[in-house]
2 protein chains.
Amino acid sequence: MPREHVGIRDVAAAAGVSVTTVSHVLNDTPHTRTSELTKARVRAAAEALGYQPNRLARGLRTRASGMIGLLTEEIATTPHAGRIILGAQEEASRHNLTLAIINSRLNQDADIESAQVQAFIDRQADGIIYATVYHDEVVPPDELLSVPAVLVGARDRLGEIPSVMPDERAGATSVVDLLVRTGHRRIAFAASSVDVPATRGRLQGYRDGMAAAGLDPDAFVVEAVSEAIGGYEATMGLLDHGADPATRPTAVFCYNDRMAMGAYRAAAELGLSIPQDVSVVGFDDQDPIAASLYPALTTVALPHYELGAWAVETLTSLMEGRDELRLLGAHPTLLACPIVERASVAPPARA
Amino acid sequence: MPREHVGIRDVAAAAGVSVTTVSHVLNDTPHTRTSELTKARVRAAAEALGYQPNRLARGLRTRASGMIGLLTEEIATTPHAGRIILGAQEEASRHNLTLAIINSRLNQDADIESAQVQAFIDRQADGIIYATVYHDEVVPPDELLSVPAVLVGARDRLGEIPSVMPDERAGATSVVDLLVRTGHRRIAFAASSVDVPATRGRLQGYRDGMAAAGLDPDAFVVEAVSEAIGGYEATMGLLDHGADPATRPTAVFCYNDRMAMGAYRAAAELGLSIPQDVSVVGFDDQDPIAASLYPALTTVALPHYELGAWAVETLTSLMEGRDELRLLGAHPTLLACPIVERASVAPPARA
DNA sequence: CTGAAAGCGCTTACAG
DNA sequence: CTGAAAGCGCTTACAG
């Protein structure tokens with residue numbers, strides 16, 4: 001029957017040493033000499049009593065809570081936001097840190113955000129991650145400047161906080177490259193009409209790729225709402241008018257997977273087979289669309305897990321006082337968006 | 001310029017009172033009399049100095065960390081698991097509690113789970129939520145019995161820990177009720193071949209509904225893998241053979257939205273319009289399928305947010321020592337799964 | 001190689 | 001109505 005609460009003094013008593021010694025051996029305190037015999041006795045006593053140090057007490061003394069806070073905008077509504085959390089949590093565990101989470105609802109009062117950051121600070125968070133979506137720049141609460149902090153998904157206006165985001169642009173370019181390599185030259189882009197950074201980045205990436213291949217970057221760009229219905233309408237517009245297979249696009253690169261879903265429906269209604277008659281590519285690798293569509297959708301994955309892991313990794317460096325990392329604030333780190341090749345791309349039909 | 005760190009003694013000094021008094025007025029300690037004048041002075045001083053109590057120190061003293069731990073299986077891969085976290089986090093905030101999260105990977109060593117629970121305990125978590133999916137019963141680490149704890153998504157084998165889960169069965173029954181009310185009598189169920197609780201619950205609920213309506217609960221049950229391809233095959237089997245519209249099902253209730261996605265494709269290939277020729281219903285209200293399908297899918301929502309909120313709510317009661325709640329362990333609390341009516345259900349065509 | 005003591009920043013009987 | 005003092009469970013100079 002273990003005692004109600006076994007503390008360091010119980011271990012000391014059981015081992016016949018002082019609490020100082022117990023602390024040193026259990027923590028392997030550097031620059032400290034303890035005889036192997038004593039060490040063994042302490043460890044045995046700790047083991048026997050099932051001693052578990054109280055992290056709160058240690059934190060109070062060392063001024064390090066061993067906790068980092070993640071303030072994330074819309075955990076709920078962002079596809080795969082869970083993977084950001086997962087990446088952050090697992091990386092935190094690797095550093096023996098605990099991850100606390102607070103959800104920040106979109107468009108709320110700035111005072112509430114301040115209070116949320118403050119809640120982490122009151123708990124002596126060693127660092128804070130501020131994760132957003134759909135923003136280029138963000139003006140985080142002032143409180144964030146007083147602790148190690150990193151931004152995910154956006155840069156701060158002042159460029160003072162290290163930030164990381166997906167390289168949407170390069171991801172889009174790599175899609176065009178793949179399509180060109182597969183033999184396509186009339187590659188359409190169904191762009192999004194919503195003004196978020198991803199919209200601009202993906203369109204720009206598409207243009208980069210087209211230009212690099214010596215193709216007209218504007219000839220086949222259409223714009224629609226970034227939902228299935230938009231993809232449907234865009235694809236209809238692209239493939240319907242031209243009964244002329246010699247001039248219409250042979251591939252449709254959609255701004256996102258939801259639009260690709262609409263493109264599939266349009267193709268079906270038009271009697272066009274994917275990928276034989278037309279190739280379709282999405283973006284987001286959004287579960288469960290991408291894998292559930294028939295044929296399975298070739299798309300681009302967002303590095304959510306990596307974003308979260310990068311954030312924690314960078315935070316730990318900042319916490320160690322490597323303040324030169326603050327320089328990262330001016331230039332966001334871009335993480336690659338890998339293509340996930342499935343079955344919706346094939347060489348264009350011989351016209 | 002605020003001091004490097006302002007503590008309670010700084011406030012006391014500024015207000016010209018003892019730290020005892022500062023603590024009492026800032027915490028509104030019951031059974032304590034303090035003159036309004038003193039209170040005002042203390043509050044003014046705290047405000048002026050920007051004093052923020054150190055929650056770690058308070059926790060050490062009060063033996064309550066103000067933190068609860070969520071150990072969740074597969075945050076990453078479960079659709080909408082984010083909403084469980086959101087519900088738990090927002091409810092926690094309402095109670096002035098912080099939510100810490102650790103992800104538990106499926107099928108891992110039991111020792112790892114023990115260590116994960118222990119990590120929360122070391123940080124003096126006031127309570128722990130153990131959330132799983134795909135399980136009926138679960139054998140949580142022993143450590144969980146030593147603190148206030150609740151289970152989400154499963155009951156524990158011994159029935160000692162309060163638990164909560166979605167009422168899949170009643171949700172399925174309500175779909176049949178809706179379909180019957182709309183005029184259907186030949187209602188098929190595309191069941192899942194995967195053996196998880198949801199499979200059994202939804203099938204049972206379907207049967208309940210059919211039986212209650214005086215219909216044969218077995219006539220139109222088919223089984224397939226719980227993915228789009230399974231829904232496609234099941235629907236093909238159901239609607240293809242009978243060129244006879246007089247005997248084939250007029251509605252297909254799919255085990256989940258992914259299967260419904262396959263059902264849509266089958267209907268399209270068969271030249272059947274939804275909902276004019278056949279009604280389709282899913283389950284999960286899985287974003288982005290349900291709303292992106294055309295026509296938008298009528299389905300059943302899982303109460304993820306409510307599950308998370310219930311867990312925290314119950315935990316707070318347990319933390320207050322309302323131990324009679326442990327009795328809940330024997331009988332899981334079931335939370336309603338509401339139907340989300342969209343556009344895939346209509347009265348059957350007059351045959 | 002080991003330990004006595006101070007202190008992290010609070011709360012809380014207890015006394016007055 | 002207010003305050004001195006102990007103590008939550010650790011870590012860490014410092015002394016020996």
Side-chain angles (χ1 to χ4, degrees), chain A residues 2-43 45-46 49-67 96 121-126, chain B residues 2-43 45-46 49-67 96 121-126:
Chain A
R3 292 197 31 184
E4 183 50 58
H5 182 88
V6 1
I8 194 172
R9 58 213 307 165
D10 299 304
V11 178
V17 299
S18 71
V19 298
T20 303
T21 299
V22 174
S23 178
H24 284 152
V25 357
L26 263 24
N27 292 319
D28 266 320
T29 313
H31 313 302
T32 259
R33 240 107 281 280
T34 309
S35 73
E36 287 306 325
L37 179 63
T38 305
K39 282 186 184 173
R41 278 222 311 273
V42 169
R43 292 195 176 113
L49 296 174
Y51 171 64
Q52 296 288 351
N54 179 329
R55 300 279 247 122
L56 239 50
R58 175 202 300 220
L60 180 59
R61 183 56 229 244
T62 61
R63 300 170 160 295
S65 63
M67 182 210 87
N96 200 19
I121 295 178
D122 291 349
R123 287 170 192 287
Q124 315 302 115
D126 295 334
Chain B
R3 293 197 28 183
E4 183 49 60
H5 182 88
V6 2
I8 193 171
R9 57 213 307 166
D10 299 303
V11 179
V17 299
S18 69
V19 298
T20 303
T21 300
V22 173
S23 177
H24 283 152
V25 356
L26 261 25
N27 292 317
D28 267 320
T29 314
H31 312 303
T32 259
R33 239 104 285 276
T34 309
S35 74
E36 287 306 326
L37 180 63
T38 304
K39 282 187 183 173
R41 279 220 312 272
V42 169
R43 292 194 177 115
L49 297 174
Y51 171 63
Q52 296 287 351
N54 179 329
R55 299 278 250 124
L56 240 50
R58 176 202 299 220
L60 181 59
R61 181 58 229 242
T62 61
R63 302 168 159 297
S65 63
M67 183 211 87
N96 201 18
I121 294 178
D122 292 348
R123 286 171 193 286
Q124 315 302 114
D126 294 334

Spacing of [X] atom [atom1] and [Y] atom [atom2] [to the nearest 0.5 Å]:
X: B:T38; Y: B:E36; atom1: OG1; atom2: CD; answer: 9.0 Å
X: B:T62; Y: B:R55; atom1: OG1; atom2: CZ; answer: 8.5 Å
X: B:R123; Y: A:N54; atom1: CZ; atom2: CG; answer: 10.5 Å
X: B:L56; Y: B:Q124; atom1: CG; atom2: CD; answer: 10.0 Å
X: A:R61; Y: A:S23; atom1: CZ; atom2: OG; answer: 10.0 Å

Provide, to the nearest angstrom, the distance between the [atom1] atom belonging to [X] and the [atom2] atom belonging to [N].
X: B:R61; N: D:dG7; atom1: CZ; atom2: C1'; answer: 6 Å
X: A:L37; N: C:dT2; atom1: CG; atom2: P; answer: 8 Å
X: B:D10; N: C:dC10; atom1: CG; atom2: C1'; answer: 13 Å
X: B:R55; N: C:dC8; atom1: CZ; atom2: C1'; answer: 18 Å
X: B:H31; N: C:dC14; atom1: NE2; atom2: C1'; answer: 16 Å
X: A:Y51; N: D:dG9; atom1: OH; atom2: P; answer: 10 Å
X: A:L26; N: D:dT11; atom1: CG; atom2: P; answer: 8 Å
X: B:E36; N: D:dT2; atom1: CD; atom2: C1'; answer: 15 Å

D:dA13: pairing nucleotide in any strand, Watson-Crick or G-U under 3.5 angstrom: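 WC or wobble partner does not exist here.
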Looking at D:dA4, which nucleotide sits across from it as a Watson-Crick or G-U wobble partner, both distances under 3.5 angstrom, or is there none?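 Pairing partner: none.
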Name the nucleic acid region contacted by [X], choosing base, sugar-phosphate or nothing; use a 4.0 angstrom heavy-atom cut-off, strictly under.
X: A:R58; result: sugar-phosphate
X: A:T34; result: sugar-phosphate
X: A:S35; result: sugar-phosphate
X: A:T29; result: nothing
X: A:T62; result: sugar-phosphate

Is the phosphate of [N], meaning OP1 or OP2, less than 4.0 Å from a side-chain N or O of [X]?
X: A:T20; N: C:dG3; value: no
X: B:T21; N: D:dG3; value: yes
X: B:N27; N: C:dT11; value: yes

Out of [options], which nucleotide sits closest to the side chain of [X]?
X: B:S23; options: D:dT2, C:dT12, D:dG3; result: C:dT12
X: A:A57; options: D:dT2, D:dC10, D:dC8; result: D:dC10
X: A:L60; options: C:dA5, C:dG9, C:dC10; result: C:dG9
X: B:V19; options: C:dT11, D:dC8, C:dA4; result: C:dT11
X: B:H24; options: D:dG3, D:dC10, C:dC10; result: D:dG3
X: B:R33; options: D:dG9, D:dC1, C:dT11; result: D:dC1
X: A:T38; options: D:dT11, D:dA6, C:dC1; result: C:dC1

If the test is side chain to side chain contact (heavy atoms under 4.5 Å, CB included), which one of A:T21, A:V17, A:V42 qualifies with A:T34?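 In the set A:T21, A:V17, A:V42, the residue that makes a side chain to side chain contact (heavy atoms under 4.5 Å, CB included) with A:T34 is A:T21.
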